[in-house]
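Quick one: this structure, given as C-alpha cells, is what I'll be asking you about.
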Amino acid sequence: MKKKLLLVTSVLIVLAVSMACEKKGNPDAITPDYSATGNPNPNNQTVTGTSSYTNPATQNSSLLVGSLGWSNLTCASTNSTTLKGNNGVTDVTLAFSSAAKTGTYAIASQVSIGSCVMTILNAPNQPAGIVWQGYSGSVSVTTSTAGINAIFANVVCTQKTFNFPTVAASGTLSCGN
C-alpha cells in the first residue's frame, strides 16, 4: 500500500511541476523584436552605470598674458565689465559683475561682488577649442582716467568637466580709452 501511495504521490508531483512549467498565454501575442540592434527601443537607447568621458588634454601648461604679441580691446570708458586679450591664437577674458574698480578680486566660477571670472580659449600646448576657466587665484585691478589694468599671477584654470590638467595664467590685461 505504501508503494502505491508513493507512486501516486510521485505522479501527482510530476504532473503539477509539468503543468507549472507549461507555456501559458496567447502564442499570437506581440513579443519584443530586438532585430539588428539588440535593443527593444533603438531610437531611445539607455545606458546603465556611468558614462566615462575622455579628456582630450593630458598635461599641465602655463600662459604668459600681455607680453609681446598680445593685443587688448579698447574700452570706451573706465566703466568696462570685461577685459580681453588676444595673441592671434589664444583669447583671455576677465569678466566682472559691474564696472571694474581699483582693488583685488578673487577668481571664481561665477561673477559676483569681489570676484571675477577668467576664461581662456585655445591655451598653448593644449588641444584647440577647449575653454579653460579660472578656479583659484586673484587679480589686482587699477583704474585711472586712462583705462583699466589687471595684474594676475598663477591663476589656475581647468576645464568645466575635468579638474586635470591645469593651465596656469600670469600677466596683465588692460583696457585703454
Side-chain angles (χ1 to χ4, degrees), residues 37-39 41-177:
T37 65
N39 185 342
N41 193 359
N43 294 327
N44 185 19
Q45 297 185 9
T46 58
V47 177
T48 57
T50 59
S51 297
S52 61
Y53 300 103
T54 303
N55 188 349
T58 58
Q59 62 186 13
N60 294 337
S61 65
S62 61
L63 171 65
L64 182 58
V65 180
S67 59
L68 187 62
W70 281 84
S71 62
N72 294 298
L73 294 178
T74 58
C75 49
S77 71
T78 56
N79 290 327
S80 181
T81 59
T82 305
L83 300 175
K84 291 187 178 215
N86 179 288
N87 69 356
V89 176
T90 304
D91 292 315
V92 179
T93 304
L94 277 175
F96 300 88
S97 64
S98 59
K101 304 281 185 219
T102 298
T104 301
Y105 293 81
I107 296 292
S109 60
Q110 293 183 345
V111 293
S112 65
I113 296 173
S115 69
C116 62
V117 172
M118 176 182 279
T119 55
I120 300 172
L121 175 62
N122 297 325
N125 301 315
Q126 299 295 347
I130 296 177
V131 175
W132 300 83
Q133 183 170 338
Y135 81 92
S136 70
S138 63
V139 177
S140 178
V141 175
T142 305
T143 59
S144 68
T145 56
I148 306 167
N149 190 43
I151 301 171
F152 47 93
N154 294 319
V155 172
V156 179
C157 302
T158 63
Q159 300 168 66
K160 285 189 176 188
T161 53
F162 298 103
N163 291 329
F164 177 83
T166 62
V167 173
S170 298
T172 62
L173 284 175
S174 59
C175 172
N177 299 350

Do C116 and I107 have side chains that get closer than 4.5 Å, going by heavy atoms? yes
Of all heavy-atom pairs linking A99 and Y105, the shortest is O-OH, 4.4 Å
Is any side-chain heavy atom of V131 less than 4.5 Å from a side-chain heavy atom of K160? no
Are the side chains of L63 and V92 in touch, meaning some heavy atoms are under 4.5 Å apart? yes
T90 (side chain) donor-acceptor with N87 (main chain) under 3.5 angstrom: no
Nearest heavy-atom approach of T158 to F162 is CB-O, 3.5 Å
Any donor-acceptor N/O pair, D91 side chain to N86 backbone, under 3.5 Å: no
What's the shortest heavy-atom distance between V141 and K101, and which atoms? CG1-O, 3.4 Å
Any side-chain heavy-atom pair of L83 and N72 under 4.5 Å: no
Value rounded to 0.5 Å, distance of OG in S170 from CG in N154: 4.0 Å
Which pair of heavy atoms, one from P165 and one from N55, lies closest together, and at what distance? CD-ND2, 3.6 Å
State, with a plain yes or no, whether a side-chain heavy atom of P56 is found less than 4.5 Å away from one of Q126. no
Rounded to the nearest 0.5 Å, how far apart are OG of S174 and CD1 of I151? 10.0 Å
Find out whether T172 and W70 are in side-chain contact, i.e. whether some heavy atom of one side chain is under 4.5 Å from a heavy atom of the other. no
If you compare all heavy atoms of F152 against all heavy atoms of V139, which two are closest, and at what distance to 0.1 Å? CB-CG2, 4.0 Å
Check for a donor-acceptor pair, side chain of Q133 on one end and backbone N or O of V117 on the other, with a separation under 3.5 Å. no
T166 side chain reached by W132 side chain, heavy atoms, under 4.5 Å: no
Step by step, would you call Y135 with V156 a side chain to side chain contact (heavy atoms under 4.5 Å, CB included)? CA-CA 6 Å; Y135 81 92; V156 179; 3.3 Å; yes
Note: A169 and I120 closest approach over all heavy atoms is CB-CD1, 3.9 Å
Is there a donor-acceptor pair closer than 3.5 Å between any side-chain N or O of S61 and the backbone N or O of P124? yes
Under 3.5 Å, is there a donor-acceptor pair between the side chain of T143 and the main chain of I148? no
